[in-house]
Amino acid sequence: MTAPTEPHKHAAAPQRADGTPAPSVDHVKPHPFGTVTHKPAIGAPATTSTKFMSVMQLAILTVVAVASLRSLPAMAGYGLGSVTLFIIPAIFFLIPVALVAAELATGWKGGVFTWVRKAFGERWGFQAIWLQWVQNVVWYPTQIAFIAASLAFVFLDPNLANSGFYTAVVILVIYWFSTFITLRGGNLFAKVGSWSGLAGTIFPGVLLILFGIIWLATGNTSQAPMQASDIIPPFTGIASIVLIVSNVLAYAGMEVNAVHANDMKNPGSGYPKTVLISSILILGIFIFPTIAIAVAVPSSKLGLTTGINLAFQTYFDAWGMGWATPIISLLIALGAFASVVTWIAGPSRGLLAAARSGYLPTFLQRRNKAGVQVGILNVQGIVVTLLAALFIFVPNINTAFILLVDMAAALYLIMYMLMFAAAMRLRRTHPEVKRTYRTPAMGLIATIGFIACFAAFALGFVPPAGFAAGAPGWAYPLLVAVVVVILGVPPLIFYAARKPHWDQRTAEEKATFDDVLVNPGETTPNRARPAPSRRAQEKRRLSAE
């Protein structure tokens with residue numbers, strides 16, 4: 001009788017999709033739910049706990065990404081006039097961004113990189129996600145400087161908010177701690193961001209509203225005029241137009257969490273609800289707390305980083321509750337921290353998608369075991385560290401950084417123009433793609449948003465009040481142009497200089513590169529895609545060659 005044949009000792013070992021060794025099938029525990037349609041890959045855990053973001057959780061993350069309390073003191077100086085200054089940009093920018101992002105996110109995965117790439121090609125998709133990312137790298141130090149000012153009210157002397165060394169140390173500690181949270185992977189950043197946002201952004205905002213109402217109801221004097229006519233701020237020519245248009249970017253970020261839409265159980269119906277809820281909350285958090293600050297604090301004392309803390313201090317001191325000021329300042333710092341965590345996770349994740357496609361050198365494509373973009377986050381951290389050091393060595397750095405952020409905002413506006421243009425083009429070129437939510441009057445709404453962004457971009461070259469008195473008129477526009485070129489041109493250079501070995505994707509990743517539809521295999525009824533023209537077919541053939 002012939003003995004059973006033994007397996008060959010040198011048989012090829014099983015491998016994962018990326019070519020690394022994997023355990024054999026015999027070493028993988030059976031799935032606890034029996035036979036399933038999509039079996040776990042060899043080497044994967046026997047069970048994976050799938051946790052989805054809820055509608056409210058993603059809405060809160062969007063609120064903390066957009067509605068920073070840091071910007072309120074600057075607008076509080078206009079009293080009731082701030083209502084108009086918030087509502088006009090909301091109509092022409094916030095609502096178009098919210099509606100357009102809702103449609104795009106329920107049609108295509110991947111955020112602005114995918115949307116623009118599908119509309120205008122890979123070069124411009126890479127450009128769009130780069131612009132979103134680089135603008136935030138400049139923004140991080142100023143947002144954390146606001147946290148430093150709040151912490152000074154909590155533990156130390158409020159005068160420390162003016163110390164460059166103290167501010168730099170806080171920036172470094174908080175930024176790298178936020179990066180550590182992001183590197184842990186999973187939805188840890190979502191939990192931290194949503195709970196911190198509730199406690200540090202929404203709760204202080206609601207508290208300010210209540211305090212303002214009580215203050216006026218008990219007969220206390222308002223520090224700002226409260227007549228109905230004051231809702232319309234005085235018109236001072238071009239300066240008033242610049243003020244309204246520049247407030248457009250107070251609502252920037254509505255689209256950043258669209259990359260997380262597919263972390264929801266049902267993104268098609270869930271994400272539009274997220275957009276609606278977050279839009280209402282953002283408007284409420286901007287308008288009413290701003291008025292509450294104006295009621296309590298004279299405009300002459302409204303500092304850019306300390307104004308909101310002074311408002312709470314005024315209320316608490318008047319009611320014999322001075323002990324509560326450090327507590328609320330800590331919560332405000334927590335809310336600002338939540339926005340930092342949210343922004344670190346969003347744009348850098350989108351940039352990773354572009355990097356993995358071969359648009360950036362391989363060292364920027366590194367991911368850790370949790371799949372988080374460690375290469376991009378490390379480079380981002382180095383830049384933030386260098387910017388934080390400037391707080392120590394450069395006098396009046398707060399003013400300088402505000403100017404730098406305003407200039408970098410021009411890059412963000414270019415990204416928004418690309419997004420609006422992409423939405424209109426995708427309606428024409430891919431009408432068959434199913435969007436669970438479709439923006440009504442897409443052409444009109446996207447055009448309004450595009451024009452608002454273009455106007456804000458053009459007026460961004462107008463010098464702000466108080467800029468370098470005595471400087472020649474061309475100095476500020478030239479400075480803005482230099483910043484736009486230095487920060488905006490690198491992706492065009494990377495794309496032109498890209499090497500074949502930069503594309504580190506596995507065969508599986510390459511095969512699914514265009515698999516970005518939220519509803520694959522489904523088409524919108526009666527919206528079949530028209531057959532391409534002969535000219536389009538020839539152009540596609542030449543492009544492939």
Side-chain angles (χ1 to χ4, degrees), residues 66 68 71 74-75 85-101 104 111-113 115-116 119-120 123-139 142 237-256 343 347 350 401-425 443-465 467 473-492:
V66 177
S68 171
S71 61
M75 298 306 297
L85 298 178
F86 277 127
I87 288 180
I88 292 178
I91 293 172
F92 292 101
F93 180 75
L94 174 65
I95 293 176
V97 168
L99 295 177
V100 169
L104 292 174
V112 69
F113 169 60
W115 306 337
V116 177
F120 301 115
R123 183 197 305 269
W124 294 109
F126 179 38
Q127 181 75 41
I129 188 60
W130 173 277
L131 294 174
Q132 185 187 65
W133 172 76
V134 76
Q135 191 271 342
N136 285 284
V137 175
V138 179
W139 168 85
T142 57
I238 188 66
S240 294
I241 298 175
V242 170
L243 179 63
I244 294 173
V245 176
S246 64
N247 220 26
V248 160
L249 282 171
Y251 298 106
M254 197 68 188
E255 82 300 334
V256 72
W343 280 96
F401 258 91
I402 290 171
L403 289 174
L404 182 59
V405 170
D406 288 344
M407 295 174 190
L411 300 169
Y412 211 174
L413 291 165
I414 296 174
M415 186 223 74
Y416 277 116
M417 285 188 275
L418 287 171
M419 187 189 82
F420 284 122
M424 290 187 284
R425 181 173 176 81
L444 174 63
I445 290 175
T447 299
I448 290 173
F450 185 94
I451 293 173
C453 291
F454 181 79
F457 177 81
L459 291 174
F461 289 83
V462 177
F467 172 76
W474 50 262
Y476 186 82
L478 179 62
L479 191 56
V480 173
V482 169
V483 170
V484 168
V485 170
I486 291 177
L487 297 181
V489 166
L492 299 177

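- Nearest heavy-atom pair, Q127 versus P491, reported as atom, atom and distance to 0.1 Å: OE1-CG, 3.3 Å.
- A distance-only check finds no donor-acceptor pair linking the side chain of Q135 to the backbone of L413 [under 3.5 Å].
- In F454, the CZ atom is not crowded: 12 or fewer heavy atoms of neighbouring residues, nucleotides or ligands sit closer than 6.0 Å.
- Atom CD1 of I129 is separated from atom CG of L418 by 11.5 Å, given to the nearest 0.5 angstrom.
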Next on the checklist: Using the rule given for side-chain contact (heavy atoms from CB on, under 4.5 Å), can you reason through M424 versus T447, listing the C-alpha separation, both sets of side-chain angles and the distance that settles it, and then say yes or no?
Outcome noted: CA-CA 8 Å; M424 290 187 284; T447 299; 3.6 Å; yes

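- Residue L131 holds its CG atom at 9.0 Å from CH2 of W124, rounded to the nearest 0.5 Å.
- Atoms CE and CG, on M75 and L85 in that order, are 4.0 Å from each other to the nearest 0.5 Å.
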Next on the checklist: Could you go through M419 and V97, starting from their C-alpha distance and side-chain angles, then the distance that decides it, and tell me whether this counts as side-chain contact (heavy atoms from CB on, under 4.5 Å)?
Outcome noted: CA-CA 9 Å; M419 187 189 82; V97 168; 4.3 Å; yes

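- Taking each heavy atom of P96 and I448 in turn, the nearest pair found is CG-CG2, 4.4 Å.
- At distances below 3.5 Å, at least one donor-acceptor pair connects side-chain atoms of W130 with backbone N or O atoms of L487.
- Of the residues F450, F457, F93, the one that meets the ring-ring contact (aromatic ring centres under 6.0 Å, His included) test with Y416 is F93.
- The two residues V66 and A252 have their closest heavy-atom pair at CG2-O, 3.7 Å.
- Panel note: side chain Y251, backbone F86; a donor-acceptor pair is recorded below 3.5 Å.
- Heavy-atom minimum distance, A128 versus M415: O-CG, 3.3 Å.
- Under the side chain to side chain contact (heavy atoms under 4.5 Å, CB included) test applied with F92, the options I95, I88, L94 reduce to a single match, I88.
- Exactly one residue among V484, V482, L478 makes a side chain to side chain contact (heavy atoms under 4.5 Å, CB included) with V480. That residue is V484.
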